[in-house]
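Pasting a structure here, questions to come.
Side-chain atoms are counted along with the backbone in the values below, which use heavy atoms only and exclude waters and symmetry mates.
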Amino acid sequence: MATDPYSAPRSRVADVPVAGAEGNFTSDASAVPAGHGWKWIADGWELFKRQPGTWILLLIVFVLISVLIALIPILGSVASNILWPVFAGGIMLGCRELGQGGELAVGHLFAGFRDHLGKLIVIGILYLVALIVIVVVAFGITGIGFGVFLGADPGRVEPRVMTILLAVLVALALIIPVAMAAWFAPALVVLNDMGVGDALKASFWACLRNIVPFLVYGVIGIGLAIVASIPFGLGWLALGPTLAASVYAAYRDIFYTS
């Protein structure tokens with residue numbers, strides 16, 4: 001087909017790399033070796049090292065925004081849970097730009113407000129609803145216990161503590177699948193234009209198929225978090241962006257084939 005040499009150049013916006021270069025996207029997530037849990041963090045660190053100053057500035061801006069939102073009574077908590085996928089989607093767009101040789105900008109933090117905002121908001125709403133359901137279930141287990149606990153005599157304290165501990169364990173068991181469904185959902189929406197339902201389902205199965213790498217990822221992440229918190233929490237200036245970028249690294253590793 002003939003092309004007009006005077007027409008404006010077109011940019012490729014689809015996240016489908018050239019075959020043989022970065023691989024091809026597949027919604028059928030791959031199962032990767034356990035050691036890739038560490039690889040995701042290492043790859044996230046590599047992305048951080050490309051523009052550490054920008055990453056740190058982006059983190060500071062995000063923390064300030066989060067604090068300001070949290071200061072709003074009641075609505076602040078609701079807004080935080082609804083908006084986190086929007087910010088996460090923007091960060092994923094920034095990681096892609098950086099991974100393809102471009103530059104990360106603080107503005108990427110807000111890119112989710114321009115691209116697929118509606119879908120990202122829906123993910124946040126569903127996430128919030130799931131959290132509410134989990135709290136209701138936990139309260140259903142401990143609701144009477146709390147009332148009795150407040151006026152309980154010392155001899156009955158231990159059973160109430162065990163009831164509360166059981167509720168915490170139940171809540172953790174319920175929130176894990178919610179987190180699995182939400183983990184890659186923003187990336188799949190903004191980078192691959194998937195629908196909300198498809199993105200949540202693909203994210204859940206991706207996490208389930210890679211449960212062992214995620215266990216490795218979690219153990220290492222906890223260890224790094226402890227170390228990062230020792231020097232007055234300053235280590236989080238590097239660890240925070242590294243973990244954010246590691247989500248993109250895991251997404252590329254699991255959803256792309258060579």
Q.
How long is the straight-line distance from CG of L237 back to CD1 of I60, given to the nearest 0.5 Å?
A.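 So the CD1 of I60 and the CG of L237 are separated by 6.0 Å.
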
Q: Indicate, with yes or no, if V196 and M92 share a hydrophobic cluster defined by side-chain heavy-atom contacts under 4.5 Å among Ile, Leu, Val, Met, Phe, Trp and Tyr.
A: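 Yes, M92 connects to V196 through the hydrophobic network.
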
Q) Within a strict 4.5 Å, meaning less than it, do heavy atoms of the D193 and K119 side chains meet? A)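 Yes. Closest side-chain heavy atoms under 4.5 Å.
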
Q) To the nearest 0.5 Å, how far apart are CD1 in I222 and CD1 in I226? A)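 If I round to the nearest 0.5 Å, the distance is 7.0 Å.
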
**Q.** pair F110-I65: side-chain heavy atoms closer than 4.5 Å
**A.**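 F110 reaches I65 side chain to side chain.
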
**Q.** ILVMFWY cluster, L215 and V247 together (side-chain gap under 4.5 Å)
**A.**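 In one cluster: no.
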
Q: Kindly say whether the aromatic ring centers of W84 and F87 come within a distance under 6.0 Å.
A: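 Here the rings of F87 and W84 have centres that are no less than 6.0 Å from each other.
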
Q. Hey, would you say the W40 and F214 ring centroids sit under 6.0 Å apart?
A.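 Under 6.0 Å, so yes.
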
(Q) Can you confirm whether L104 sits close enough to F48 that some side-chain heavy atom of one is under 4.5 Å from a side-chain heavy atom of the other? (A)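 Side-chain contact under 4.5 Å: no.
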
Q: Let me know which of V122, I123, V129, L128 forms a side-chain contact (heavy atoms from CB on, under 4.5 Å) with L126.
A: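 In the set V122, I123, V129, L128, the residue that makes a side-chain contact (heavy atoms from CB on, under 4.5 Å) with L126 is V122.
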
Q) Excluding sequence neighbours, so at least two apart, what forms side-chain hydrogen bond (donor to acceptor under 3.5 Å, both in side chains) with K49? A)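 Partners of K49 under the side-chain hydrogen bond (donor to acceptor under 3.5 Å, both in side chains) test: E46.
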
Q) Quick one: does W183's side chain get under 4.5 Å of F204's, heavy atoms only? A)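 No, every pair of side-chain atoms sits at 4.5 Å or beyond.
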
Q) Are the side chain of S203 and the backbone of F184 linked by a donor-acceptor contact shorter than 3.5 Å? A)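 Present.
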
Q) Is the count of non-hydrogen atoms from other residues, nucleotides or ligands lying under 6.0 Å from L68 atom CG greater than 12? A)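 Yes, CG of L68 has more than 12 neighbouring heavy atoms, counting only those of other groups under 6.0 Å.
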
(Q) On a heavy-atom basis, which atom in A185 and which in L200 lie closest, and how many Å separate them? (A)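 The pair with the smallest heavy-atom distance is CB-CD2, 3.8 Å.
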
(Q) I'd like to check W38 versus V219 (side-chain heavy atoms, cut-off strictly below 4.5 Å). Are they in contact? (A)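 No, too far: nothing below the 4.5 Å cut-off.
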
Q. Which heavy-atom pair separates I254 from A206 by the least distance, and what is that distance?
A.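 Smallest heavy-atom distance, with atoms named: CG2-CB, 3.9 Å.
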
(Q) Are the side chains of P241 and L58 in contact, using a 4.5 Å heavy-atom criterion? (A)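 Contact flag for L58/P241 side chains = no.
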
Q) In the single-linkage hydrophobic clustering (I, L, V, M, F, W, Y; side-chain heavy atoms under 4.5 Å), do I74 and V136 co-cluster? A)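 Different hydrophobic clusters.
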
(Q) For the CG atom of L234 and the CG atom of L239, what is their distance to the nearest 0.5 Å? (A)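 Here the interatomic distance stands at 12.5 Å.
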
Q: For I91 and A244, work out which heavy atoms get closest and say how close.
A: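 Closest approach of I91 to A244: CG2-CB, 4.3 Å.
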
Q: Looking only at non-hydrogen atoms, find the nearest pair between I69 and S80 and report the distance.
A: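 Scanning both residues completely, I find the closest heavy atoms to be CG2-OG, 3.4 Å.
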
Q: Given side-chain contact (heavy atoms from CB on, under 4.5 Å), test V63 with W236 step by step and report yes or no.
A: CA-CA 11 Å; V63 170; W236 281 97; over 6 Å; no

Q. Are V32 and L208 joined in one hydrophobic group, where the rule is that I, L, V, M, F, W and Y side chains link up if heavy atoms are under 4.5 Å apart?
A.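 They do not share one cluster, since no chain of ILVMFWY contacts under 4.5 Å joins V32 to L208.
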
Q | Which atom of H36 lies closest to which atom of D253, heavy atoms considered | A |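 Heavy-atom minimum between the residues: ND1-OD2, 2.6 Å.
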
Q.
Minimum heavy-atom separation for I41 and T242, please, with both atom names.
A.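 So the two residues come closest at O-CG2, 3.6 Å.
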
**Q.** From CA spacing to verdict: side-chain contact (heavy atoms from CB on, under 4.5 Å), I121, L83
**A.** CA-CA 6 Å; I121 289 291; L83 291 178; 3.9 Å; yes

Q: To the nearest 0.5 angstrom, please state how far the CD1 atom of I176 sits from the CD1 atom of I134.
A: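 One finds 10.0 Å between CD1 of I176 and CD1 of I134.
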
Q: Please answer: with hydrophobic residues joined when any side-chain heavy atoms are less than 4.5 Å apart, are I211 and I175 in the same cluster?
A: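 As far as the 4.5 Å side-chain criterion goes, I175 and I211 are not connected within one cluster.
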
Q. What do the steps show when you test L188 against Y251 for side-chain contact (heavy atoms from CB on, under 4.5 Å), and what is the final call?
A. CA-CA 8 Å; L188 291 168; Y251 151 82; 3.9 Å; yes

Q) Out of curiosity, L93 CG to R114 CZ, how far, rounded to the nearest 0.5 Å? A)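 Result: 8.0 Å between the selected atoms.
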
Q.
I'd like to know whether F255 forms a side-chain contact (heavy atoms from CB on, under 4.5 Å) with N192, so could you lay out the CA-CA distance, the side-chain angles of the two residues, the decisive distance to 0.1 Å, and finally the verdict.
A. CA-CA 10 Å; F255 288 100; N192 304 104; over 6 Å; no

Q) Is the closest side-chain heavy-atom distance between Y248 and L191 below 4.5 Å? A)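 They are in contact (side-chain heavy atoms under 4.5 Å apart), so the answer is yes.
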
Q | Any donor-acceptor pair under 3.5 Å from N81 side chain to G124 backbone | A |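 The answer is no, because no donor-acceptor pair under 3.5 Å joins these two groups.
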
Q.
So does A105 get a backbone contact from the side chain of H108, meaning a donor-acceptor N/O pair under 3.5 Å?
A.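 Yes, the answer is positive, given that a donor and an acceptor are paired below the 3.5 Å cut-off.
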
Q.
If the condition is side-chain hydrogen bond (donor to acceptor under 3.5 Å, both in side chains), which residues does R209 pass it with, not counting sequence neighbours?
A.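 D28.
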
(Q) Could you check whether any side-chain heavy atom of C95 comes within less than 4.5 Å of a side-chain heavy atom of L98, counting everything from C-beta outward? (A)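 Counting from C-beta outward, C95 and L98 never come under 4.5 Å.
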
